Each structure stands twice: as structure tokens, then as C-alpha cells.
> 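Quick one: the structure is below, and I'll ask about it shortly.
Keep in mind the model is a prediction, meaning the values are calculated, not measured.
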Amino acid sequence: MNTAAKPTEKVCMVVHEHFPRDFRVRREARALVKAGLEVTIISLKEPGQPFYEYWMGFEIIRLPVKRHRGSPLAVYMAEYLSFAWMAAYLVALLHSVRRFRVVHVHTPPDFLVMAGWFTKIVGSRLVLDIHDLTPELYASRFGSRGGKVVQRLYEMVELGSCKYADKVVTTTDAFRDRLIARGVAAEKIMVVSNYPDPDLFGIGLRPRIKRKKKDHFIIMHHGTMLHRYGQDILLEAFEKVLEIVPNARLELYGRGDLLPKLEQWVLERKLFDKIRFFGEVPQEEIVKALEQADLCVVPNRTDAIMELAFPTKLLEAIHMGCPVVASATRLVADTFDPGTVRLVEPGDPHALYEALVDLATNPGTRSRLARQAKKTAERFSWEREQNKLVDLYAELGCRIGGDAL
């Protein structure tokens, strides 16, 4: 009788982002490793990062393609095409040795799915993981530039990419509904929501840090600095808050296209002792910041993509027991009532100012919000979502073993 162990199934993930910066990819890769699969991640390389690294149970191979944040569309496309070509070549080369059972491609761009063309031809399964809908993302970033022709082109590329993949994974039911409306088969799409990592943002994982009354009143925000995320609105509202709450401090974590403009705004108003930018930090630092913050703010604008998206940063805050003020974009308003999260009109700095002052001057209201939000947070379980992902891999023919999830 042959008692030799069966070889471990191998998976390749491809993402046009710096890793481990992309936390969705990180969570999914860890879930698959726990399920007994071997995971290789192909990503962008930041200065100072190694080309090859074995980290947290999976291997990372980074390609030397430079990001061009805030650049014209043509530069973005050249960057995307360069990474897609290099990734396709590397996936094919690695497959000759590793024999990937599944190639899992994360968007944007949608055409990055072609990184798995060779492995699909020779029998591997191909998963397309849509983080954001590209047509709506384009409209948010570039407005009506190119008109309906360009918009329709993006929709055609999206549809073609989804049809080429064996399975499509996306982040919200609203994204799934939009993909179905554009022609993607409903049975082909699975929603794996972007819920916080319980190893970091576990409900009740740590008690909130109690600071002395004489300390500053800390308002924090974390995430990518982009126009659609409304950090400029937050700064405008906060400047007025200082008139009522002079001991308030605003802490912002993250980077992005909007950051230089925000820093210049603070410099011009000489508010650098009131507003601090910490740049991009590990998630462990975000946990510590949320433990000490008095309020977390999610000031998103509303547009084609934001009406369909759900901010993970909001869930991270309520999991840590931090009261939240958030823009009432569609999914946020549908999910939370005003007794759980303080909702304000998107894009309205005065409404945001009023909410911040109200909560800054009413500690009892903050405490009630935090308690109620934490109860609501129990609905958003990454454990359940990762089980859905592992079940999908089993459906694709992977032998699942390893730790129970």
C-alpha cells in the first residue's frame, strides 16, 4: 500500500500593488496557507524591498515596475501593460516547476487576468478577484474624459476578463449586481467581503487605552489619500473644530495622490502642530492608533465607485471600539443606523464639522456609539469569508488540508 503523502497544491496570486501593503491579498493568502495550500505572490517591488521573500508562510516575488501615482492615463496604461507582460512571463516560467493548480489574479487592471493565459491553456484554473469595478474607478479618477466610448471599452474589457476566468470573486453584493447587469453569469461570481483581520482587529482583543483627561482630543483617519476619500474635506472641517475644541489633534495615516496637496494646505495655515501626517505604517500601528483615538473619521465623497464600495477602515475602527463619523454613502447608510455610526452628508464639510464638535463635547454620546457599533461589528466576520474562499478552491479541484478555519 502506498502511504506517501500527496503533494501540496500550489497557488499563484498576481497583484499590481506593493505587497504586503495590499491587505486583502494578505488575508486571502493566509487563509489559503491555513487550508494547506502553497501560495506564491507576484507583486510590485518598492525601493528597499527584496525581489524574493518568504513571509508568513508564503513566498513573494516582486517585479521592478515603478508606480506612477497621479500620472496621466497613458502613463498608467504603460505601467499596467509592463507589469502584466512581466507577470505573464513569470507565471508561465514558475508553472514549469511548481505546477500551479490555481492562478488567482487581483484587479485592477482587469486585463491582468491574461497573466494566467498559459497556465489556463495547460489545465490550471483561473480566478479573477475584482477589488474595484474598473469602469466606475476610471470615472472617479478621470471624470468624463474619453466619453462613452472609453467607458464602454472598459466595460467590454471587464466583461471579457470575467468570461475568460473560471471564477470571479468580488468584494460587495453591489459590485456583484453591477457585474451581472453587464453580462457576467451570476453563478460564476462569489462575494468575499473585505472584513478586518481578526488577528489584529479582533472584537474585544485588547481593552481600549484610557488616556488622562489633560491629553489632546485625538481624531484619526487612515487609508489611501485620494480625492474620492475626502481627506481635504476632513481638514476643512477640522480647522473649524479647533475654534470650539482647541485641544483637538488630527492624525492621518496613509499616502496617495492627494497627500502633497494636504501637506501644503496644512503648511499654509500653519497647523502643523495640530495636524500630523504619519505616512504609510504597518497595520499593527493602525491598531495602536485606534486604541488611543477618541474618534475615527471616514469622510468619503460620493461618486460612481464610492456608492458601491464599503470602507474596511470603518469596520476596523468599530472592531477596536472607536466611535466613528462617516459619510452616508449608499452601502454605509444601508448598513449602519445613526445610533451605531454618526452619519453625515458626503462632501459637506459643515455637516462633518457639526458632527465632530458634537461628539468631541459629548463623551457619553461617543461611548454609546462605540458600544452599539461593537455589537454590530460581530456581523462582519472574516472567518466566514475566508471559509467561502477555501470552499471555492475546493470547488476548483484543490485538496484542502492544514489547519481548520
Side-chain angles (χ1 to χ4, degrees), residues 196 201 203 206-223 229-254 262 266 271 273-276 278 286-302 310-329 331-377 380:
F201 300 96
I203 300 173
R206 299 178 180 86
R208 290 199 29 92
I209 296 174
K210 293 183 179 180
R211 295 181 289 107
K212 296 179 180 179
K213 291 183 179 180
K214 66 179 181 180
D215 285 345
H216 304 306
F217 184 85
I218 298 177
I219 301 171
M220 77 159 285
H221 169 82
H222 61 292
Y229 295 137
Q231 289 92 359
D232 55 328
I233 297 170
L234 173 56
L235 263 59
E236 182 180 345
F238 179 77
E239 184 179 26
K240 293 182 63 180
V241 168
L242 289 171
E243 298 172 5
I244 310 298
V245 190
N247 70 326
R249 297 293 183 273
L250 177 60
E251 299 181 350
L252 298 102
Y253 296 81
L262 299 175
V266 171
L271 292 174
D273 61 329
K274 304 288 187 180
I275 301 173
R276 292 189 63 190
F278 291 85
I286 298 299
V287 170
K288 292 178 181 178
L290 286 169
E291 287 176 336
Q292 299 185 64
D294 295 289
L295 279 178
C296 180
V297 185
V298 183
N300 295 342
R301 285 181 163 88
T302 182
F310 193 85
T312 307
K313 61 178 73 72
L314 190 160
L315 296 178
E316 291 170 349
I318 65 176
H319 273 68
M320 296 304 300
C322 184
V324 181
V325 178
S327 295
T329 50
L331 291 191
V332 172
D334 288 348
T335 304
F336 298 101
D337 62 52
T340 302
V341 171
R342 181 64 179 267
L343 301 176
V344 298
E345 186 68 23
D348 186 342
H350 185 73
L352 181 55
Y353 153 75
E354 289 184 329
L356 293 177
V357 168
D358 181 39
L359 290 174
T361 55
N362 289 285
T365 303
R366 293 200 307 273
S367 296
R368 286 193 295 273
L369 273 181
R371 287 195 302 269
Q372 188 59 38
K374 212 165 187 180
K375 293 178 183 178
T376 304
F380 306 101

> From Ile286 CD1 over to Glu291 CD, what is the distance, rounded to the nearest 0.5 angstrom?
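Here the rounded value is 11.5 Å.
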
> Pro323 and Arg366: which non-hydrogen atoms are nearest, and at how many Å?
CB-O, 3.7 Å

> If you round to the nearest 0.5 Å, how far is CZ of Phe336 from CD1 of Ile318?
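Atom-to-atom, Ile318:CD1 and Phe336:CZ are 4.0 Å apart.
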
> For a quick test of reading the model, state the closest non-hydrogen atom pair linking Met220 to Leu290 and the distance between them.
SD-CD2, 3.4 Å

> Just wondering, do Val332 and Ser327 contact through their side chains at under 4.5 Å, heavy atoms?
no

> How about Ile275 and Leu252: do any of their side-chain heavy atoms sit closer than 4.5 Å?
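The answer is yes; the side chains approach within 4.5 Å.
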
> How would you list, by chain and number, every residue that makes a side chain to side chain donor-acceptor pair (under 3.5 Å) with Asp348, sequence neighbours excluded?
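With sequence neighbours excluded, Asp348 shows a side chain to side chain donor-acceptor pair (under 3.5 Å) to no residue whatsoever.
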
> List in chain and number order the residues that pass side chain to side chain donor-acceptor pair (under 3.5 Å) with Tyr253, two or more places apart in sequence or in another chain; answer none if no residue qualifies.
Glu251

> Between Lys274 (side chain only) and Pro246 (backbone N and O only), is there a donor and an acceptor less than 3.5 Å apart?
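Side chain of Lys274 to backbone of Pro246, a donor-acceptor pair under 3.5 Å: yes, one is there.
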
> Using the side chain to side chain donor-acceptor pair (under 3.5 Å) criterion, which residues pair with Arg368? Sequence neighbours excluded.
Thr365

> Supply the atom-to-atom distance Ile233 CD1 to Leu352 CG, rounded to the nearest 0.5 angstrom.
8.0 Å

> How many angstroms lie between SG in Cys296 and CD1 in Ile218, if you round to the nearest 0.5 Å?
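Result: 12.5 Å between the selected atoms.
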
> Please identify each residue that fulfils side chain to side chain donor-acceptor pair (under 3.5 Å) with Gln231, with sequence neighbours left out.
His221

> Would you give the length of the straight line joining atom CG of Asn300 to atom CG of Leu331, rounded to the nearest 0.5 angstrom?
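Separation between the atoms: 11.0 Å.
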
> First locate atom NZ of Lys375, then atom CZ of Arg371, and finally report the distance between them rounded to the nearest 0.5 Å.
7.5 Å

> Report, one line per pair, each donor and acceptor closer than 3.5 Å where one atom sits in a side chain of residues 339-346; sequence neighbours left out.
{"unit_1": "Thr340", "atom_1": "OG1", "unit_2": "Asp337", "atom_2": "OD1", "d": "3.2"}
{"unit_1": "Arg342", "atom_1": "NH1", "unit_2": "Asp358", "atom_2": "OD2", "d": "2.7"}

> Are Phe238 and Val297 packed together at the side-chain level, in the sense that at least one heavy-atom pair is separated by less than 4.5 angstrom?
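Result no, sub-4.5 Å side-chain heavy-atom pair not found.
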
> With a 4.5 Å heavy-atom cut-off, do Ile219 and Asp294 have their side chains touching?
no

> Any heavy-atom pair between the side chains of Phe201 and Leu315 that's under 4.5 Å?
no

> I need the minimum non-hydrogen distance between Gly321 and Ala370, along with the two atoms involved.
O-CB, 3.4 Å

> Give the minimum heavy-atom separation between Leu314 and Ala326, together with the two atoms involved.
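Distance-wise, the nearest heavy atoms are CD1-CB, 3.7 Å.
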
> Please walk me through it: do Leu235 and Leu271 pass side-chain contact (heavy atoms from CB on, under 4.5 Å)?
CA-CA 10 Å; Leu235 263 59; Leu271 292 174; over 6 Å; no

> Which pairs count as salt bridge (Lys or Arg N to Asp or Glu O under 4.0 Å) when at least one residue sits in residues 312-327, sequence neighbours excluded?
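For residues 312-327, and leaving out neighbouring residues, there are no salt bridge (Lys or Arg N to Asp or Glu O under 4.0 Å) pairs at all.
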
> Are side-chain heavy atoms of His350 and Lys240 found at a separation under 4.5 Å?
yes

> His222 versus Phe278: any side-chain heavy-atom pair under 4.5 Å?
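The answer is no, as the side chains (C-beta and beyond) never meet within the 4.5 Å cut-off.
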
> Nearest heavy-atom pair of Tyr353 and Ile244: which atoms, and what distance?
OH-CG1, 3.8 Å

> For residues Cys322 and Leu295, report the shortest heavy-atom separation together with the two atoms involved.
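Heavy atoms only, the tightest pair is SG-C, 3.8 Å.
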
